[in-house]
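Shown next, in structure tokens, is the structure this report addresses.
Below, each value reflects all heavy atoms present in this structure, side chains not excepted, and no hydrogens, waters or symmetry copies.
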There are 2 protein chains.
Amino acid sequence: MDDHLEQKAEFLKALAQPTRLKILDLLKDGERCVCDIFPAIGEQQSNVSRHLQLMKRAGVLASRKDGLRVLYRIKDGKITRLLEDVDLLFGRAGSAKGKRSAA
Amino acid sequence: MDDHLEQKAEFLKALAQPTRLKILDLLKDGERCVCDIFPAIGEQQSNVSRHLQLMKRAGVLASRKDGLRVLYRIKDGKITRLLEDVDLLFGRAGSAKGKRSAA
DNA sequence: AAAATATATTACTAAATGAGCATATAGCGA
DNA sequence: TCGCTATATGCTCATTTAGTAATATATTTT
């Protein structure tokens with residue numbers, strides 16, 4: 001039972017960081033390779049790679065290889081929903097893209 | 001826009017810690033004073049007090065005074081839902097109490 | 001007003017975190 | 001095979017974090 005707590009905390013912690021939120025915001029539109037992500041958010045490749053690993057270990061992301069690249073994606077649509085729900089808590093609709101019904 | 005990211009990260013971070021998850025698990029049944037919380041989760045009063053402050057600042061909790069005591073509560077039912085949704089992600093129903101429909 | 005109770009705050013310590021830079025590893029094309 | 005590109009991994013540094021213990025600040029009761 002305490003084990004579950006740890007896992008839950010780890011999962012939430014994986015979401016709870018600005019750089020990672022930026023990455024997730026990109027990935028909500030579909031899978032992307034590291035080479036796309038790090039320029040898009042203005043962080044170093046190594047830094048982004050680490051954040052991706054961390055989120056993967058926490059169960060937030062999944063990945064697959066495509067030749068040289070590694071494509072990352074959000075593991076479960078529910079996670080995207082979750083993040084949108086957090087936005088709603090702050091009276092924020094999603095970041096103007098890929099929104100759902102609005103109610 | 002980056003401001004919102006920070007706020008979102010702070011909010012999620014406030015949830016992403018085992019001791020705080022224990023506190024939230026207690027509070028989902030209703031408001032509680034510090035004096036009830038800290039023995040219930042086996043942490044020091046000062047430690048719990050600081051976690052409560054942190055969650056309050058992050059917008060997770062609200063509080064009111066009742067005589068000597070301070071009663072804390074989860075600020076918005078949506079937050080409780082959010083935490084339940086995280087449980088569902090791990091194939092966990094809520095912690096056996098106060099569950100909703102079960103989907 | 002003094003004692004008792006509940007909560008918040010401060011100072012300290014150990015551990016975790018995020019970022020940078022350099023380097024290692026893996027897969028592709030010549 | 002060699003070089004080129006993409007990703008992952010050490011290593012270090014500065015900062016943040018969770019916890020403890022001690023103390024300060026209410027608020028109630030006597």
Grab the two heavy atoms, one from [X] and one from [Y], that are nearest each other, plus how far apart they are.
X	Y	value
A:His51	A:Gln17	CE1-OE1, 3.8 Å
B:Asp66	B:Leu71	CB-CD1, 4.0 Å
B:Ile79	B:Val60	CD1-O, 3.7 Å
B:Leu15	A:Leu12	O-CD1, 3.8 Å

query: Earliest and latest nucleotide of DNA chain D, 5' to 3', sitting under 4.0 Å from a non-hydrogen atom of chain B?
result: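 First-to-last contact on DNA chain D, by the 4.0 Å heavy-atom rule, is D:dT17 to D:dT28.
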
task: Decide side chain to side chain contact (heavy atoms under 4.5 Å, CB included) for A:Phe90 and B:Gln7; before the verdict, give the C-alpha distance in whole Å, the side-chain angles of both, and the deciding distance to 0.1 Å.
output: CA-CA 9 Å; A:Phe90 294 117; B:Gln7 190 190 22; 3.5 Å; yes

- prompt: Between B:Lys8 and A:Asp87, does at least one N-O distance fall below 4.0 Å, as a salt bridge requires?
  reply: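 Salt bridge present between B:Lys8 and A:Asp87.
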
task: Find the distance between CE (B:Met55) and CD (B:Gln53) and round it off to the nearest 0.5 Å.
output: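 Nearest 0.5 Å value for the CE-CD distance: 10.0 Å.
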
- request: Give, for atom CG of B:Leu24 and atom NZ of B:Lys28, the distance between the pair rounded to the nearest 0.5 Å.
  value: 9.5 Å

Atom pairs, N/O to N/O, protein against nucleotides 27-30 of chain C, distance under 3.5 Å?
none

Rounded to the nearest Å, what distance is computed from the [atom1] atom of residue [X] to the [atom2] atom of nucleotide [N]?
X	N	atom1	atom2	result
B:Lys56	C:dT9	NZ	C1'	14 Å
A:Arg50	C:dT25	CZ	C1'	15 Å
A:Glu43	C:dC21	CD	P	12 Å
A:Gln44	C:dG18	CD	C1'	12 Å
A:Phe38	C:dC21	CZ	P	13 Å

- prompt: Looking at residues 9-24 of chain B, who's got a heavy atom less than 4.0 Å off DNA chain D?
  reply: B:Lys13, B:Gln17, B:Thr19, B:Arg20

field: Sidechain-backbone polar pair: A:Gln44 side chain, A:Ser46 backbone, donor-acceptor under 3.5 Å
entry: no

query: Under 3.5 Å, side chain of B:Arg20 to main-chain N/O of B:Lys13, donor-acceptor pair present?
result: yes

task: Tell me whether the OP1 or OP2 atom of C:dA19 has a side-chain N or O from A:Asn47 closer than 4.0 Å.
output: yes

- request: Report yes if at least one side-chain N or O of A:His51 is closer than 4.0 Å to OP1 or OP2 of C:dA19; otherwise report no.
  value: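 Yes, such a contact exists.
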
